[in-house]
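This report concerns only the one structure given below.
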Amino acid sequence: MNKQQNILIIGAGLCGSLLALRLGQRGYNVTVYEMRTDLRKTDISAGRSINLAFSNRGNKAIKLVGLEDKVNELCIPMNGRMLHDKDSNTFLSNYSGRDYEYINSISRGQLNALLLDEAEKHENVTIHFNKKCKSVDFENTTATFQDYETKDEFIEDADCIIATDGAGSALRRSYFLERKFLFSFSQDYLTHGYKELSILPTETGDYKTYKNALHIWPRGDFMVIALPNLDGSFTVTLFLSYAEGEYNFNNLTTPEIVTEFFQKEFPDALELMPNLVEDFFDNPTAPLGTVKCSPWHYKGNTLLMGDSAHAIVPFYGQGMNASFEDVVEFDKVLDQNLDSWEATFEAYEKNRKKDTDAIADLAVDNFHEMKSHVGQAIFQEKRKIEMALEKEFPKDYSSKYSLVTFNEHIGYREAMLRGRAQDKAILNMLSDGEVSTTLDLTDQTVIKNILDKVKTETEAILEEDRVAKFGPS
């Protein structure tokens, strides 16, 4: 565990470059191998999200490595969801009743480039590009790579190997194929895929629609979202079934059908997107899946981190934030100065896996919420009550979304359990007529009464869930 040990990181994406930077700061000798070319020298978006939602859990990691000011320069605040109905009406639903709580749109490429630059400032960190990992010998702590340019294969040795190589991880594949130990693995795809489109800036470089929101066009079984970029454009994403429904990716095969689909379902978006057809047929359609596996580590030799351990769908805006939080949690375990990499890896996984499983489940839940529920009257009533509770009692109430996104001091699992119980409590009370948005939600007595009821009902639901799982105490 001494700092002279050599750590090999597979993958120089967001998680890998952050991890390399942090381990470099701690004094370890770090070598990183990345399959792609250096994104600082060429555009390699390759169908991946151009921009991402960056929030408190991710910022916790950025603070850890001392880059908060530099990252803030790349951020565009998004205070809430701008909902667009089929008649082109819009409604802004804030993410929180507390004005200081918001998420940010950030460029994947610019953030990754910054982390790579900062990591390379450390003499003990070396990063290689165009080197694809073919397999990992996790018993001997070596990895086989192929140089994309020369086609030569070579083997790298290290004291430990950490794979941050995403949903298609070579290390995870080696765990699964080698069958040297009991390894559980699941990969669940949604029936929906996604395609990236764009709203270009005006001729003067301005935004064509409201800048400081995450725009959503919810349509029940499918949706479009848009996030702002610093250059005045928006990255637009269509989430749509591959095979189901009147319109799906399998039958959107001509410019006429694509235009007809958007004219019918997203007319106001279509007005902003004269480049729709070109984008649609130029950009790939990609799947949406969840990866869960265990164990993440093999003895003290190898460890999975980030998407390689727990890839999730993007509907809570937490994929990058969860991977960044991985680095924070791993750093906490390093602070314990345990006597071996095996003890370190075991402690990290024990602390972390329950939370990454929780955010994976929450992300799938939020997929259904965003494409359908956000447009329903009872959901909008629930949000109004939550906004009022957060505004009037900012220290006493946080919605499920706030618990997950803005309360970085609690784990995802705790946020999920309490958040779900609160949702159930408020929806039950709305259905039973115990609370209503017709009440004066600015009246302190009224809103305090609602808060007390919600708290009591939430605790009752949490206790019911505990008893159902563990039995009476």
Side-chain angles (χ1 to χ4, degrees), residues 55-57 80-81 83 91 93-101 218 315-318 354-355 357-473:
S55 53
N56 293 37
R57 293 179 193 272
R81 297 166 170 167
L83 306 177
F91 170 71
S93 174
N94 281 356
Y95 284 122
S96 170
R98 292 173 282 268
D99 293 339
Y100 56 85
E101 290 182 341
F315 302 107
Y316 231 108
Q318 288 295 307
K354 64 183 184 300
D355 288 322
D357 283 351
I359 192 56
D361 295 341
L362 281 166
V364 173
D365 288 352
N366 217 40
F367 168 57
H368 300 294
E369 180 174 305
M370 288 174 71
K371 69 185 173 63
S372 178
H373 301 168
V374 291
Q376 296 175 2
I378 193 167
F379 179 86
Q380 292 177 1
E381 285 187 77
K382 178 175 79 73
R383 287 299 291 160
K384 285 178 183 175
I385 288 170
E386 289 181 321
M387 290 296 104
L389 290 172
E390 288 185 333
K391 186 174 183 179
E392 296 300 325
F393 299 99
K395 294 182 179 178
D396 297 316
Y397 184 85
S398 288
S399 69
K400 181 176 70 180
Y401 187 89
S402 289
L403 288 169
V404 170
T405 307
F406 305 123
N407 284 261
E408 66 275 19
H409 57 283
I410 67 173
Y412 283 125
R413 179 169 170 75
E414 182 183 344
M416 177 182 74
L417 295 176
R418 178 160 293 278
R420 283 177 171 174
Q422 288 177 174
D423 283 355
K424 188 175 180 180
I426 296 175
L427 289 170
N428 285 347
M429 291 162 64
L430 282 166
S431 297
D432 295 342
E434 290 185 49
V435 297
S436 169
T437 52
T438 59
L439 298 170
D440 183 0
L441 298 180
T442 61
D443 185 305
Q444 277 280 332
T445 304
V446 170
I447 199 67
K448 180 66 167 68
N449 184 40
I450 292 174
L451 176 66
D452 292 342
K453 285 183 177 180
V454 171
K455 279 189 167 183
T456 301
E457 181 71 9
T458 297
E459 293 305 322
I461 291 168
L462 286 169
E463 178 61 15
E464 283 175 13
D465 291 347
R466 190 197 65 76
V467 171
K469 184 172 183 180
F470 299 110
S473 54

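Quick note: numbers below take in every heavy atom, side chains included, and nothing from hydrogens, waters or symmetry partners.
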Check against side-chain hydrogen bond (donor to acceptor under 3.5 Å, both in side chains), Ser399 and Glu386: CA-CA 6 Å; Ser399 69; Glu386 289 181 321; 4.6 Å; no
For the atom pair CG (Asp355) and CG (Leu362), what is the distance rounded to the nearest 0.5 Å? 10.5 Å
For Ile378 and Ser431 the tightest heavy-atom approach is CD1-OG, 3.9 Å
Distance check, rounded to the nearest 0.5 Å: Asp423 atom CG versus Asn428 atom CG? 10.5 Å
Smallest heavy-atom separation, Met429 atom then Ile450 atom, equals CE-O, 4.4 Å
Approximate separation, where rounding is to 0.5 Å, of Leu389 CG and Leu441 CG: 8.0 Å
Salt-bridge contact Arg420-Asp365 (side-chain N to carboxylate O under 4.0 Å): yes
Atom OH of Tyr401 and atom OG of Ser55: how far apart are they, to the nearest 0.5 Å? 6.5 Å
Sort and list the pairs that fulfil salt bridge (charged side-chain N to carboxylate O under 4.0 Å, His left out) and have at least one residue in residues 428-441, not counting sequence neighbours. none
For the pair Glu390 and Lys395, find out whether any cationic side-chain nitrogen is under 4.0 Å from an anionic carboxylate oxygen. no
Taking every heavy atom of Ala425 against every heavy atom of Ile461, the minimum-distance pair comes out as N-CD1, 3.7 Å
Side-chain (Gln422) to main-chain (Ser398) donor-acceptor, under 3.5 angstrom: yes
How long is the straight-line distance from OH of Tyr397 back to CG of Leu403, given to the nearest 0.5 Å? 8.0 Å
Stepwise side-chain contact (heavy atoms from CB on, under 4.5 Å) test for Glu392 and Met387: CA-CA 9 Å; Glu392 296 300 325; Met387 290 296 104; over 6 Å; no
Least distance between heavy atoms, Arg383 atom then Asn94 atom: NH2-O, 3.0 Å
Can you name the nearest heavy-atom pair linking Leu430 to Ser436, along with the distance? CD2-CA, 4.3 Å
Which pairs would a plain distance check flag for residues 408-417, meaning a side-chain donor or acceptor within less than 3.5 Å of a matching protein atom at least two apart in sequence or in another chain?
{"residue": "Glu408", "atom": "OE1", "partner": "Asn56", "partner atom": "ND2", "Å": "3.2"}
{"residue": "Tyr412", "atom": "OH", "partner": "Gln318", "partner atom": "OE1", "Å": "2.6"}

Atom CD1 in Ile426, atom CD in Glu381: separation rounded to 0.5 Å? 11.5 Å
Using the six-membered ring wherever Trp is involved, compare the ring planes of Phe367 and Phe315 and label them parallel, tilted or perpendicular (cut-offs 30° and 60°). tilted
Just grab all the side-chain hydrogen bond (donor to acceptor under 3.5 Å, both in side chains) pairs involving residues 449-458, residues at least two apart or on different chains. Lys448-Asp452
So does Val404 get a backbone contact from the side chain of Arg57, meaning a donor-acceptor N/O pair under 3.5 Å? yes
May I have the step-by-step check of salt bridge (Lys or Arg N to Asp or Glu O under 4.0 Å) for Glu463 and Arg466, ending in yes or no? CA-CA 5 Å; Glu463 178 61 15; Arg466 190 197 65 76; 3.0 Å; yes
Heavy-atom nearest pair, Tyr95 first then Ser402, reads O-OG, 3.9 Å
